[in-house]
Visitor: 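Pasting a structure here, questions to come.
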Amino acid sequence: MCGIVGYIGWREALPILLQGLKRLEYRGYDSAGLALLNGSIISVIKQKGSVSGLEAATVTLPEEMRNATIGIGHTRWATHGEPSDQNAHPFLNASRDIALIHNGIVENFSSLKQELISQGYIFLSETDSEVLVHLIDRIWKSDSRLDLESATRNALRHVDGAYGICVISSREPDKIIIARKGSPLVIGIGTGEYFIASDAAPIVEHTNKVVYLSDGELAVVTRDGYTVKSIENIEQAKIVTELDYSLDKIEKGGFEHFMLKEIFEQPEVMKNVMRGRVNPEKGLIHLGGISEYLDRLKQAKHIVICACGTSWHAALIGKYLIEEFARIKVEVDYASEFRYRNPIVGVDDVVILISQSGETADTLAALHVAKEKGALVMGICNVVGSTIARETLCGMYTHAGPEIGVASTKAFTAQVVMLYMLALSLSKGRTISHDEIALHLRELSCLPEKASRILELDGQIKGIAERFRDANNALYLGRGYNFPVALEGALKLKEISYIHAEGYPAAEMKHGPIALIDKDMPVIFIATHDSTYAKILSNIEEVRSRKGRVIAIANVGDGEVSRLTEDVIFIPSSSAPLSPLLTVIPLQLLAYHSATLRGCNVDRPRNLAKSVTVE
Ligand code: G6P
């Protein structure tokens with residue numbers, strides 16, 4: 001949420017910043033801006049809208065600013081103040097010698113702003129972020145012994161809330177000051193040049209060596225190196241991490257949208273999640289990231305899984321899996337609720353945090369609550385080195401590769417595969433036999449090939465989307481393992497096509513949603529073979545008799561369902577616990593095509609952003 005880039009080195013900063021901002025646009029696209037520093041001059045260019053709009057506007061920059069080798073850039077997801085040119089970052093102080101960009105929320109901005117206004121400061125935006133630049137200015141001017149670093153550090157001591165900031169000043173023109181609390185920042189290490197970003201995506205094309213800043217740290221980055229200190233001014237030793245992903249993973253690779261590319265990557269992603277962790281022939285599972293804690297995990301009285309959005313839907317499937325296989329009681333909570341409701345968890349419990357980005361503010365806060373209460377905290381994250389991954393005691397990476405599409409797809413399937421393996425690991429030696437585990441693993445290993453077959457139905461699914469593109473509402477119904485998939489299908493549709501959609505357990509339809517059904521209401525049923533199949537058929541009949549328009553996901557060869565509707569998407573069969581990994585794919589494609597047919601930008605759905613680092 002909000003993307004930050006910075007560059008200091010020997011090359012022209014402008015193209016590096018623009019390219020970096022494009023790579024970060026999934027974090028926000030309400031406005032974009034950058035500040036370039038050359039000698040005693042800072043130039044700021046910023047405007048409402050996308051990075052490509054900003055790029056076009058940079059033609060007006062004078063030659064000496066185009067030659068600047070230091071700069072910072074920002075792409076905004078609006079919190080305080082509407083998307084506009086004035087509210088775009090960077091912000092300058094009145095004497096235009098300090099520029100600042102910020103990701104996060106300054107919770108006490110109102111009182112700070114009043115104080116600064118009473119001291120004569122003039123604000124040009126409605127944002128919370130602008131207080132930071134004036135605060136640094138005031139502190140720096142109040143004491144001639146201070147430098148930019150100490151003025152920034154002192155200013156941050158007055159700030160409540162979350163921040164990831166980059167600050168430059170023409171009074172100290174060979175450095176960038178960065179600091180983080182709650183909003184991620186990474187330094188990329190080049191040769192005589194350094195890159196700063198909210199995540200590794202803009203850095204990967206320049207270097208694979210990175211340092212992750214931790215909460216409460218501030219760094220001074222120059223052309224010769226970087227020093228990281230705590231906010232209390234104590235030097236911190238940092239580990240350089242090597243990134244293991246390449247440029248092709250963050251490009252579209254011939255697909256029209258990142259979302260479509262990521263949907264089509266799912267068979268490969270499933271293999272990557274399993275790679276080195278399962279041996280289906282021998283019935284073995286080894287989850288290295290939790291092996292040391294496996295016995296404690298198995299003894300848990302109670303597991304709570306906390307997540308947000310799509311990850312929360314994966315968590316719900318995790319509950320079904322762990323309870324069925326490992327017979328451990330599982331509760332699933334929205335991280336945003338868990339953190340504020342004084343949950344009952346203690347030292348005998350396990351709290352699992354699921355997050356694609358590993359940075360979602362509410363999930364991170366839930367992690368802190370769980371830690372305070374003494375629970376064993378475990379993470380399932382996609383982004384390597386992310387805050388949640390680093391702050392949990394143990395955990396596993398999903399290895400889905402960078403997910404750029406704002407609407408999550410491949411991260412979801414990776415999370416579900418991970419939870420399936422976790423559930424089997426927790427049952428090993430306790431609730432299910434070795435032979436049963438081997439059987440489940442063999443079935444799991446067949447999933448990528450089945451998923452590929454579903455992707456071949458893309459053309460048919462687009463045809464269905466064409467018939468339903470004008471709908472204003474849609475209902476998604478599923479039961480058991482496919483109830484969370486119904487929720488996820490509805491979320492995908494509303495996120496990217498702006499069609500109002502709701503997911504329900506199919507049996508609950510008669511307790512409310514049935515009142516909505518008429519000839520204009522598409523009802524999407526997940527009607528694969530499991531113990532509730534016959535009941536689902538009855539639900540389809542109930543919808544048909546009220547003239548609802550039925551779309552069904554059914555197993556290949558199912559004559560019953562094709563008797564009830566002509567819009568059937570036939571998918572390969574699987575056991576019920578594995579079915580979400582297959583049933584979700586047609587729903588992702590249905591949402592994708594409905595959205596593109598309606599002219600929506602699926603990679604940048606309005607008002608949404610990836611990596612939600614604010615509450
Ligand atoms: C945002 C994204 C969703 C994502 C959710 C949780 O809302 O748009 O796609 O599911 O955040 O993100 P996380 O990174 O914690 O999985």
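Just follow the structure's listing: the first ligand is 1, and inside any ligand the first atom is 1.
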Visitor: Atoms of ligand 1 less than 4.0 Å from S311 heavy atoms?
Guide: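 Those qualifying, in numeric order: 10 (O), 13 (P), 16 (O).
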
Visitor: Could you tabulate the donor-acceptor pairs under 3.5 Å formed by side-chain atoms of residues 268-275, not counting sequence neighbours?
Guide:
| unit_1 | atom_1 | unit_2 | atom_2 | d |
| --- | --- | --- | --- | --- |
| N272 | OD1 | R275 | NH1 | 2.4 |

Visitor: Suppose I only count heavy atoms of S408 and a 4.0 Å limit; which atoms of ligand 1 are within that range?
Guide: 9 (O)

Visitor: Would one find an N or O of Q415, backbone or side chain, under 3.5 Å from an N or O of ligand 1?
Guide: no

Visitor: Short N/O distance, under 3.5 Å, between T363 and ligand 1?
Guide: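 N/O-N/O distance under 3.5 Å: no.
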
Visitor: Closer than 4.0 angstrom, basic N to acidic O: yes or no for E466 and R469?
Guide: no

Visitor: Without hydrogens or angle criteria, can the side chains of E331 and H302 be said to hold a donor-acceptor pair below 3.5 Å?
Guide: yes

Visitor: Does L393 have any side-chain contact (heavy atoms from CB on, under 4.5 Å) partners at least two apart in sequence or in another chain, and if so, which?
Guide: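 Only Y293, R296, L376, V377 meet the side-chain contact (heavy atoms from CB on, under 4.5 Å) criterion with L393.
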
Visitor: Which ligand 1 atoms does S355 reach within 4.0 Å, using its non-hydrogen atoms?
Guide: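 In order of number, 13 (P), 14 (O), 15 (O), 16 (O).
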
Visitor: Can a cation-pi geometry be assigned to R598 and Y498, taking NZ or CZ under 6.0 Å from the six-membered ring centre and within 45° of the ring axis?
Guide: no

Visitor: Ligand 1 and V406, any nitrogen or oxygen pair closer than 3.5 angstrom?
Guide: yes

Visitor: By number and element, which atoms of ligand 1 are closer than 4.0 Å to a non-hydrogen atom of T310?
Guide: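 Counting atoms of ligand 1 from 1, those under 4.0 Å from T310 are 10 (O).
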
Visitor: Quick check for you: to the nearest 0.5 Å, what is the distance between L132 atom CG and L156 atom CG?
Guide: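 Reported to 0.5 Å precision, the distance equals 7.0 Å.
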
